[in-house]
Amino acid sequence: MSDVTSELQDNGVAPASAVDTTVWRVGTVVSAERESTSGRSLTIDVPGWGGNLAGQHTDLRLTAPDGYQAVRSYSIASAGAGQRIELAIDEVPNGEVSPYLVEDVMVGDQLELRGPLGGWFVWRPEDTGPVQLIGGGSGIVPLISMIRSRAAANSAAPFRLLYSLRAPEDAFYRGELERPAPGLDVTWLYTRRTPDDWPRPAARITAADLAAVTIPPSDNPMVFVCGPTGFVEAVADALVGLGHPAARVKTERFGGA
Amino acid sequence: MTSHVDGNILAGPLSDLFRFDVTLASARCVSCGKVAMLAQAMVYVQPKAYVVRCSNCDDMLMTIIDEGDATQLDLSGLVWMHVPH
């Protein structure tokens, strides 16, 4: 398929059949921005990339001079058509790949990418039902892509985000989330240290938090949960306990390296 | 036990072997009979292998081992896979 732009669907994303998502493509870092004390976002220009749906991920491959290769999966923060994608990476101490992406990689550097990947943890603009997003730490990344996709499509689907952070300075995309589009409701939750005069003391997320600030099961929302394994485990179990059908709770756990 | 991630992560590695998005295929566990999408399975990532376990009974569904010049795919934990077009 030589001209994928002629194959675009309504959402501006090339159908999976038009673009070979299995090949490794060489992307060039075109901008890098500090997001938090330990995280950074990278915008990468990837010739041949066929756009992506909100929530999809990419595999990123680094090759050392001796030929050793390391592959990691990263959620994509951007959504829609085009060959520029944004990733946001949180540094895992002693990790093999993330310290390089957060501390060392520079504008102009090249990275190998494959994708977009995964059709399960995705939100499509044609979905009009209510959506509850629950992110822990850098688990916000695929969720911000859904928020951006919703805004770009002028979707009226009701969205709520619950964003759990250890401390205020750990937030990714704070500026963007403090000015949400109409119909998007954002709740911040802190687990170790809160801003001054914050009503809720710092504590891990509980079923009572979920009952108080998320869309109730009676509204039959699609729920997307992304974060570290323990966080996702606790939240998903509590959601099912509150009455959400397990099939309406989609999860994306990340390990870390 | 090391911490696991979701089956979503298999989309890339298995795209080398299958023409469809394996994470959207539903599969039946040999051990407990649970039917779930592979995106919902638990995946333990090792340096040269993915160990995929049933989210219901924790038994092995499949293993994918990178042998360098070949991939060893063990599907003995699956009764069947249902692949959407």
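Source: prediction; values computed, not measured. Letters go in sequence order (proteins before strands), and every chain restarts at 1.
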Practice problem: Could you grab the distance from atom CZ of R114(A) to atom CG of D16(B), nearest 0.5 Å is fine? | Solution: 4.5 Å

Quiz prompt | Contacting moiety of P47(B), where chain A heavy atoms sit under 4.5 Å | solution = neither

Quiz item: If you count heavy-atom pairs under 4.5 Å with chain B, which of A70(A), G115(A), G119(A) comes out on top?
Solution: G119(A)

Exercise. Tell me, for D21(B) versus chain A, whether the close heavy atoms (under 4.5 Å) come from the side chain, the backbone, both or neither.
Key: side chain

Quiz item: Is there side-chain contact between H4(B) and E233(A), with at least one heavy-atom pair below 4.5 Å?
Solution: yes

Quiz prompt | Shortest non-hydrogen contact from G118(A) toward A11(B) | solution = N-CB, 3.5 Å

Quiz prompt | G12(B) to D59(A) - nearest heavy-atom pair and separation | solution = CA-OD2, 3.3 Å

Quiz item: Hey, does the side chain of N8(B) reach the backbone of T251(A) with a donor-acceptor pair shorter than 3.5 angstrom?
Solution: yes

Quiz prompt | Pairwise distance OG1(T229(A)) to CG(D6(B)) - rounded to 0.5 angstrom | solution = 7.5 Å

Exercise. Check whether any side-chain heavy atom of S3(B) sits under 4.5 Å from a side-chain heavy atom of R253(A), and report yes or no.
Key: no

